[in-house]
Protein chains: 2
Amino acid sequence: MSTLRARRRKRTADTIRKAAVELALSDGLDNITTEMIAERAGISLRSFFNYFAFKEEALLPPPVALSDEKVEQFVNGSGPLLDDLADLLVAHFRQTEINRTQLRALLELSRTHPKLMFVKDQTFCRYEDQMGVVIARRLSVGPEDPRPRLMAATVAAAIRVGVSRWVAEGQGQIEDEVLSTVTALRDLFQERTPGTPRLRRL
Amino acid sequence: MSTLRARRRKRTADTIRKAAVELALSDGLDNITTEMIAERAGISLRSFFNYFAFKEEALLPPPVALSDEKVEQFVNGSGPLLDDLADLLVAHFRQTEINRTQLRALLELSRTHPKLMFVKDQTFCRYEDQMGVVIARRLSVGPEDPRPRLMAATVAAAIRVGVSRWVAEGQGQIEDEVLSTVTALRDLFQERTPGTPRLRRL
DNA sequence: GGCAAATTTTGCATATCGCGCAAAAATAGC
DNA sequence: GCTATTTTTGCGCGATATGCAAAATTTGCC
């Protein structure tokens, strides 16, 4: 249970991640080997696989869990669900430190690299699962109710779109882009005049 | 552009797919090799990679494009957008032939196998892209409008949930499950009484 | 039918991945 | 400082996946 060992381990993992990202961005993911990453990180090839199951896992930052405090705030919130959820997400993204240029390059790479896409999806899926849980708590419904899951899925989809938009052309902070995309969900399919679709502007 | 060669090619691809799925379901994905698949399909190992970029690609059926006729019907439709879109999807899923047990096993496998998940996601992403295009046409808006993309993303998310639910416990046809999940999107975040969330049943 | 061109299949060599195992090294508790 | 536990490492190995060129097959054409 040594916290020292845990910290050391985390430090090494970060070193490996840094080495992997630098190499991937400079030389291209196809032109680097796990051996090169290990060498740059100052560990043996075999040790690399003690930290990551496969090469691409070292390329994306580890998923960060939602803050417990903010989760409780959401579960007990009294505003419209979507707004309260947006608050939770904004607080979360605000505390993540993301390099936009780097993230753009990595997301672009993930489009053609199966294992990198896997890692990316795992990250989003974890968000989705967490959201499903907290939404179910907020609504006080059990696992048989399909709404939390569907809500979490659509919100996760909106987050994806928001992140993608921010990475591509966003000017401000990532949390602003996510916020506007997520809250746009409310009226997405509410057409003013059935027959001649005139949707509200995003 | 010999159509005979194309048909032969498709036939061989299907043979390989069949061999791969049978082996994966009977022996487990981890216990089979590309060589075993190739042998069962009656081709050389090297030829396998002429048909599929990697082993797992042979496990899922090739994505089917939306029917042109139904797409035009949707683009020119006059009902509520979500209903017309649901019609398009129902027509599409109706014509796909899916073995529920097999699909369940493969989706379960994809949760832990990066490359299989990649193939699955590619399939869903293609749906999402196609939907984005047809929704933009329907709304007569250009690529700068963010709504088609967000709509497509949320509908794709709903399809995922619908398919997942059908695979897990669905009794009827897959298109019915998809239909009810997608149409549930309309009122998902429309709360009757802000403050005390009382959402409509799915 | 038979020949030449184009395409597909195949064998072989090769680089890398990723895991199992056990020895060596580092670290923790006492 | 000694021993137990954990981590790192070296080595071997099977499997994946690619490039290249020869062999086989198919196609168009006469």
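Any value given below was found using the heavy atoms of this structure, including those in side chains, with hydrogens, waters and symmetry copies removed. In what follows, chains are A, B, ... by sequence order, proteins preceding strands, each numbered from 1.
Side chain of B:Asn50, nearest nucleotide from C:dA28, D:dT8, C:dT10: C:dT10. Residue B:Tyr51 has its side chain nearest to C:dT9 when only C:dT9, C:dT10, D:dT9 are considered. With distances taken from any side-chain atom of B:Arg5 to the nucleotides D:dT8, D:dT26, C:dT27, the minimum falls on D:dT26.
Nucleotide C:dT9 holds its P atom 11 Å from the CZ atom of B:Arg11, rounded to whole Å. Remark: C1' of D:dT6 and CD1 of A:Ile43 are 16 Å apart, rounded to the nearest angstrom. Regarding A:Met36, its CE atom lies at a distance of 12 Å from the C1' atom of C:dT16, rounded to whole Å. Between A:His113 atom NE2 and C:dC17 atom C1' there is a gap of 14 Å when expressed in whole angstrom units. Spacing between atom CD of A:Glu57 and atom P of C:dC19 amounts to 10 Å, rounded to whole angstrom units.
Counting heavy atoms from C-beta outward, B:Trp166 and B:Val178 have side chains that stay 4.5 Å or more apart.
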Margin query: Base contacts versus sugar-phosphate-only contacts with protein, heavy atoms under 4.0 Å: please encode nucleotides 12-23 of chain D as B, S and - from 5' to 3'.
Written below: ---SSBBBB---
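Expressed to the nearest 0.5 Å, how far OG of A:Ser44 lies from CZ of A:Phe49 amounts to 10.5 Å. Remark: A:Leu89 CG to A:Leu179 CG distance equals 9.0 Å, nearest 0.5 Å. Within the model, atoms CD1 of B:Ile32 and CD1 of B:Ile37 stand 4.0 Å from one another, a figure rounded to the nearest 0.5 Å.
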Next item on the list: Kindly determine whether B:Val167 and B:Leu107 satisfy side chain to side chain contact (heavy atoms under 4.5 Å, CB included), including the steps that lead there.
Entry: CA-CA 9 Å; B:Val167 159; B:Leu107 289 183; 4.1 Å; yes
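In this model, the phosphate group of C:dT10 is approached by a side-chain N or O of B:Ser44 to a distance below 4.0 Å at OP1 or OP2.
Remark: B:His113 engages no residue in a ring-ring contact (aromatic ring centres under 6.0 Å, His included) (not counting sequence neighbours).
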